[in-house]
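Some notes on the structure that comes next.
None of the values given here were measured: they were computed from a predicted structure. Note that ligands are numbered from 1 as they come in the structure, with each ligand's atoms numbered from 1 the same way.
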Amino acid sequence: MNAKDLSIRLQKAAEFVPQDARLADIGSDHAYLPVALMLQDKISYGIAGEVVVGPYESAKRQVAKNGLESKIDVRLADGLEAVDLSDQVSAITICGMGGVLIRDILQRGKENNRLSGKERLILQPNVGERQLRQWLVAEGYTITDETIIEENNKIYEIIVAEKFLDTPEYSDRELFFGPALLVEKSLVFIEKWQHKLIKTENILNSLRQSDQDVSEKIREVEQEIEWIKEVLADAGK
Ligand code: SAM
C-alpha cells in the first residue's frame, strides 16, 4: 500500500474527513492517510502523530517523499499530545488500534486539554467497538455515522462522532451493535454477527463449565446471545 493507493479500510475512514479539514491522524505509522488526503486537496493541514520512533521515521519519509513538509507536521508523541488547541484541528482520525486503546487516547486527550470538542472524530477500532461507543456517549458525543467493511477476510467498523448541544440517548443494545449499523443491517454486518454468535456460544459453554463464580458474566453473555439472535432473526438469517 502507498499513500496514493489506500487500503479500503483507510479509504472509508478518509471519506468521513470533511473537505478542507485540519486533520490530526494519531497512530500514523506511514502517514498514508494525511498524505493521501493532502494529495487529493481534501485537507488544508495535517498532523501525523506517532509514538514509536520507527513508524515516526517512516511517516516523516512519506511526507518528505511527497514534498508535503510545509503542509503536514509529523510529531513524535503519545496519543493526542501530538495536538495543541492552537493547531485548530477540525478532524481526528485514529485507525487500526483496539477500541480500548483509542478510548484511552481520547480520555487522556480530554484530561490534558487536547480536545476542543469541535473536532469530528473518525475512529476505526479493530476490536472493542462497544467500549469505545460507551466512552463517546458518556462524554456527550453523538454517533453521527458508522460503516462496516470487509477487507482481506477481516471485518472493520468505522465510527464517526461529534459533539452537539443535545446528545441522543442510546440503549445498551445500540452501543453493542452500533446504532447506525443496527439500522442498516448490511450483509457484512450480518456476516460479522453470525461469526460472533458461534464464538459467543462457545464462550458461554466454557463459562458454564467453570468452577469459579462467573454467574454475572454468564448473564452478560446470555444477554449478548439473545440480542445477536434477535438481530439475525430480524434480518431473516
Ligand atoms: N493508523 C494506521 C492504520 O490504520 O493503518 C496505522 C495502524 S498501526 C496498527 C497502529 C499505530 O499506532 C502504530 O504505528 C503504533 O505505533 C501507533 N500507536 C499506538 N499507540 C499510540 C499512541 N498512544 N500514540 C500514537 N501512536 C500510537
Side-chain angles (χ1 to χ4, degrees), residues 1-17 21-40 42-43 45-66 68 72-85 87 89-115 119-129 131-132 135-136 139 145-161 178 188 192:
M1 195 182 71
N2 59 53
K4 293 197 180 81
D5 186 19
L6 289 179
S7 62
I8 299 172
R9 177 181 62 82
L10 286 181
Q11 252 175 58
K12 282 285 163 196
E15 284 170 19
F16 291 113
V17 175
R22 292 177 66 82
L23 174 74
D25 183 43
I26 305 301
S28 194
D29 60 354
H30 289 87
Y32 286 141
L33 193 55
V35 168
L37 287 171
M38 191 59 86
L39 293 176
Q40 293 164 23
K42 185 139 186 224
I43 57 171
Y45 169 70
I47 295 169
E50 189 32 80
V51 74
V52 177
V53 173
Y56 159 78
E57 298 290 353
S58 308
K60 274 199 98 82
R61 277 197 299 276
Q62 184 70 227
V63 169
K65 196 173 98 184
N66 287 281
L68 295 173
I72 299 176
D73 285 327
V74 183
R75 298 182 181 165
L76 183 64
D78 182 1
L80 288 164
E81 292 300 301
V83 175
D84 191 85
L85 289 184
D87 293 316
V89 157
S90 59
I92 296 175
T93 44
I94 313 181
C95 302
M97 301 178 205
V100 170
L101 178 55
I102 297 177
R103 179 198 69 188
D104 293 347
I105 288 174
L106 291 169
Q107 174 65 24
R108 283 202 307 278
K110 181 196 120 178
E111 285 165 8
N112 296 338
N113 204 26
R114 303 288 162 161
L115 289 169
E119 311 87 354
R120 177 182 294 182
L121 305 181
I122 301 145
L123 312 169
Q124 184 268 300
N126 292 335
V127 290
E129 295 88 352
Q131 290 92 329
L132 181 55
W135 184 89
L136 289 168
E139 291 301 322
D145 223 323
E146 287 176 313
T147 195
I148 184 163
I149 57 129
E150 186 167 13
E151 182 171 40
N152 299 329
N153 294 319
K154 284 197 189 140
I155 292 179
Y156 302 102
E157 293 185 10
I158 296 168
I159 302 168
V160 186
V188 179
K192 167 174 175 161

### Atom pair CZ (Arg114) and CD (Glu81), whose distance is rounded to the nearest 0.5 Å
4.0 Å
### Query
Just by modelled atom types, is the Val17 backbone N or O under 3.5 Å from a matching donor or acceptor in the Lys42 side chain?
yes
### Message
Measuring from atom 19 (C) of ligand 1, which candidate in Arg75, Arg108, Gln124, Met97 has the nearest non-hydrogen atom?
### Response
Met97
### Task
State if Arg9 counts as touching ligand 1 under the rule of any non-hydrogen atom under 4.0 Å.
yes
### Pairs where residues 50-60 contributes a residue and the test salt bridge (Lys or Arg N to Asp or Glu O under 4.0 Å) is met, not counting sequence neighbours
none
### Message
Assess whether a salt bridge exists between Arg75 and Asp87, defined as any Lys/Arg side-chain N lying under 4.0 Å from an Asp/Glu carboxylate O.
### Response
yes
### Task
Could you check if a side-chain atom of Ile105 sits within less than 4.5 angstrom of a side-chain atom of Met97, using non-hydrogen atoms only?
yes
### Message
Could you tell me, atom by atom, which parts of ligand 1 come under 4.0 Å of a heavy atom of Val52?
### Response
16 (O)
### Query
Is Val83 close to Ile92 at the side-chain level, that is, under 4.5 Å between some pair of heavy atoms?
no
### Query
Is it the side chain, the backbone, both or neither of Ala77 that has a heavy atom closer than 4.0 Å to ligand 1?
backbone
### Message
For Lys192, I'd like to know if atom NZ has over 12 heavy atoms of other residues, nucleotides or ligands within 6.0 Å.
### Response
yes
## Note on the structure
Looking at Glu81, Glu50, His30, the heavy atom closest to atom 15 (C) of ligand 1 belongs to Glu50
### Message
Using a 4.0 Å heavy-atom cut-off, which part of Ile105 comes near ligand 1: side chain, backbone, both, or neither?
### Response
side chain
#### Entry: Leu10 and ligand 1 - part of the residue with a heavy-atom distance under 4.0 Å
side chain
### Query
Is any N or O atom of Gly27, backbone or side chain, closer than 3.5 Å to an N or O atom of ligand 1?
yes
### Task
Would you please determine whether Ser28 falls within less than 4.0 Å of ligand 1 on a heavy-atom basis?
no
### Task
Just jot down the ligand 1 atoms closer than 4.0 angstrom to any heavy atom of Gly79, in number order.
22 (C), 23 (N), 24 (N), 25 (C)
